[in-house]
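Following: one structure in structure tokens, then a few remarks.
What you see is a predicted model, and the numbers here were worked out from it, not measured in a lab. Sequential numbering from 1 along the given sequence is applied to the chain's residues. Counting starts at 1 for both ligands and their atoms, in listed order.
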Amino acid sequence: MKKYIFNLLPSVSKAVGSRTLPVVSATRGYVSNSTDLKEVLARQIPEKQNEIKNFRKEFGSTKVGDVSVDMMYGGMRGIKGMVWETSVLDPEEGIRFQGYSIPECQKLLPKAPNGSEPLPEGLFWLLCTGEIPTQEQVSALSREWAQRADLPPHIVNLLDQLPSNVHPMSQLSAALTTLNTESLFAKAYAKGVNKAEYWELIYEDSMNLIAKIPIIAAKIYCNLYRDGSFNGTIDPNADWSLNFCSMLGYNQPEFIELMRLYLVIHSDHEGGNVSAHTSHLVGSALSDPYLSVAAAMNGLAGPLHGLANQEVLVWLTGVYEELGGKEVTDKVLHQYIWDTLKSGRVVPGYGHAVLRKTDPRYTCQREFALKHLPDDPMFKLVGQLYKLVPDILLEQGKAKNPWPNVDAHSGVLLQHYKMTEMQYYTVLFGVSRALGCLSQMIWSRALGLPLERPKSMSTKGLKALVSK
Ligand code: AMX
């Protein structure tokens, strides 16, 4: 039976500490077969704690790099300064989620019935455990997130009362911040919970947040673009993306498949990017997951980070507007790109702080487009840009990476399925990014990572230091 999500029922949150974990055998196989993610983590955590303890005992004082003055003024690029377990970004190859590339995830992660794209539930399981989940494990996560999906009335009221000129990302951030009324971690901390139990509480908050964030996102969408008419029902037998799409009002199977892929590929991009790093930093102060992810969303809302997907579409639409319906030739486009650069702006969707090749997240979206919308005029324009922008950026000689990133493509796919509200695109990125931030946060608390506090220096102090 479908459930209505504003049912004022308390969110499903298993009592922490009161549940006895089953005795597990020492073999990894038994644990992997469990469909309870928390149980699998409970088995893995002591092993990992031990591994890191021994590693630090042996290599704790080993140097892993140097820091130059340029690195300090240059946004800390290349400084190895934090541990992030869930994914690693290679400049040439792109992202690997727990060691698996995007094509491998597309092949190996479970799909929806009749679907061909990986389910984000499977990706979350992989990020948390390092193991490719079974279909049963993924179905169990879908069911659990559906069960936990409801919103307390004050969040609904808050969203209903925000003026329509508040950007969707600000609305998302405000709702998540306010949702920390539901934080089991914050409540338990106030009562003096033992450190050893932190991860379980963070796990519960994370699972609840992931279950609720699509409702918040869909509510924002319907308030802003559908006159507030909102169908808030959750099908307990549907997957997370399908339920999200139906709340948004998009029921086309192809769009739902796109959303599954989208929510997988935007989830995690190692720890140094602005949103992931923000959640890590804020979480290290033991701010609860709602506050930490809200902070991450504020970083994602910047035009050099997640807002770039909105910016790309605004920029592409600008080409058409400027030409007044005339054919977009390479010559015209060439001029438009140079005009953008000469006016002191960046070409959105191109360049990256770490990547030095075409982003595989761009490539897999291009493959989706080739399969489903090869004749879409905007998709053709994106392909045309791919042929022109890198050479122009190289000629300009500033950008270290002239190749497209994830944001160069995503908006074009969304607009094809009639989701034309560009300002909303970053919210979808945010729903996905929560998966990466939270899977790492569970581990951060399990490993007892301390308050983040790097050393800063003034120019005066730095000059004195280098002159010694
Ligand atoms: N267009 C024009 N100039 C660019 C550029 C682009 N796409 N990418 C980099 N540059 C410029 C920088 O602005 C900088 O100029 P400056 O010396 O005058 O300050 C110079 O090239 C060197 O920059 P960089 O070392 O190559 O990049 P970075 O690590 O400082 O910044 C990024 C990376 C992504 C912010 C930058 O490439 C950019 O602004 N791209 C466009 C915005 C974008 O697509 N952002 C999304 C990134 C992916 C994501 O996080 N979602």
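Atom numbering of ligand 1 starts at 1 in the shown order; those under 4.0 Å from a heavy atom of Leu393 are 1 (N), 2 (C). Listed by number with element, the atoms of ligand 1 under 4.0 Å from a non-hydrogen atom of Ala308 are 43 (C), 44 (O), 45 (N), 46 (C). Close approach to His352 involves these atoms of ligand 1, each under 4.0 Å from a residue heavy atom: 33 (C), 34 (C), 37 (O). Close contacts between ligand 1 and Asp407 involve ligand atoms 46 (C), 48 (C), 49 (C), 51 (N) [criterion: under 4.0 Å to a heavy atom]. Within ligand 1, the atoms closer than 4.0 Å to a non-hydrogen atom of Gly349 are 43 (C), 44 (O), numbered from 1 in the order shown.
Between Phe429 and ligand 1, not a single N/O pair is under 3.5 Å apart. In terms of polar-atom proximity, defined here as any N/O pair under 3.5 Å, Val347 does make such a contact with ligand 1. For Val406, no nitrogen or oxygen atom sits less than 3.5 Å from a nitrogen or oxygen atom of ligand 1, counting backbone and side chain alike. When only interatomic distances are considered, the shortest N/O to N/O separation between Arg361 and ligand 1 does not fall below 3.5 Å.
For the pair Tyr203 (side chain) and Lys38 (backbone), a donor-acceptor distance under 3.5 Å is present. Of the possible polar contacts, none joining the His277 side chain to the Asn273 backbone as a donor-acceptor pair under 3.5 Å is found. The backbone N or O of Asp235 lies less than 3.5 Å from a partner atom in the side chain of Asn243, making a donor-acceptor pair. Panel note: side chain Ser206, backbone Ile202; a donor-acceptor pair is recorded below 3.5 Å. A donor-acceptor contact shorter than 3.5 Å is absent between the side chain of Trp240 and the backbone of Arg260. Distance alone, capped at 3.5 Å, is enough to place a donor-acceptor pair between the Ser432 side chain and the Leu263 backbone. Between the side chain of Gln440 and the backbone N or O of Glu85, at least one donor-acceptor pair lies under 3.5 Å.
In this structure, the protein non-hydrogen atom closest to atom 25 (O) of ligand 1 is Lys400 NZ, 2.8 Å. In terms of protein heavy atoms, atom 50 (O) of ligand 1 is closest to His305 ND1, 2.7 Å. Of the protein's heavy atoms, Leu304 CD2, 3.3 Å lies nearest to atom 39 (O) of ligand 1. In this structure, atom 40 (N) of ligand 1 lies nearest to the protein heavy atom Tyr350 O, 2.8 Å.
The nearest protein heavy atom to atom 12 (C) of ligand 1 is not closer than 4.0 Å. For atom 30 (O) of ligand 1, a protein heavy-atom neighbour is present inside the 4.0 Å cut-off. Protein heavy atoms come within 4.0 Å of atom 44 (O) of ligand 1. When distances from atom 33 (C) of ligand 1 to the protein are checked, a heavy atom turns up under 4.0 Å.
Taking CD1 of Ile442 as the start and OG1 of Thr86 as the end, the distance is 10.0 Å to the nearest 0.5 Å. Here the straight-line distance linking atom CZ of Arg433 with atom OG1 of Thr426 works out to 11.5 Å at 0.5 Å rounding.
A centroid separation of 6.0 Å or more is found between the aromatic rings of Phe230 and Tyr221. Taking the six-membered ring wherever Trp is involved, the centroid distance between the rings of Tyr350 and Trp315 does not fall below 6.0 Å.
With a 4.0 Å heavy-atom cut-off, ligand 1 is reached by the backbone of Val346 and by its side chain too. The part of Arg77 lying near ligand 1 is the side chain, judged by heavy-atom distances below 4.0 Å. With a 4.0 Å cut-off on non-hydrogen atoms, Val312 does not touch ligand 1 at all. With a heavy-atom cut-off of 4.0 Å, Asn309 does not touch ligand 1 at all. When heavy-atom distances to ligand 1 are checked against a 4.0 Å cut-off, Asn405 comes that close only through its side chain, counted from C-beta outward. At a heavy-atom cutoff of 4.0 Å, ligand 1 is contacted by both the backbone and the side chain of Ala399.
Compare Glu311, Arg345, Lys398 by their heavy atoms: the one nearest to atom 16 (P) of ligand 1 is in Lys398.
Side chains of His269 and Ser87: no donor on one and acceptor on the other come within 3.5 Å.
Between Asp70 and Arg77, no side-chain nitrogen of the basic residue sits less than 4.0 Å from a carboxylate oxygen of the acidic one, so the salt-bridge criterion is not met.
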| said: Apply side chain to side chain donor-acceptor pair (under 3.5 Å) to residues Gln310 and His167 and explain how you reach the verdict. | reply: CA-CA 12 Å; Gln310 165 186 322; His167 192 280; 3.0 Å; yes
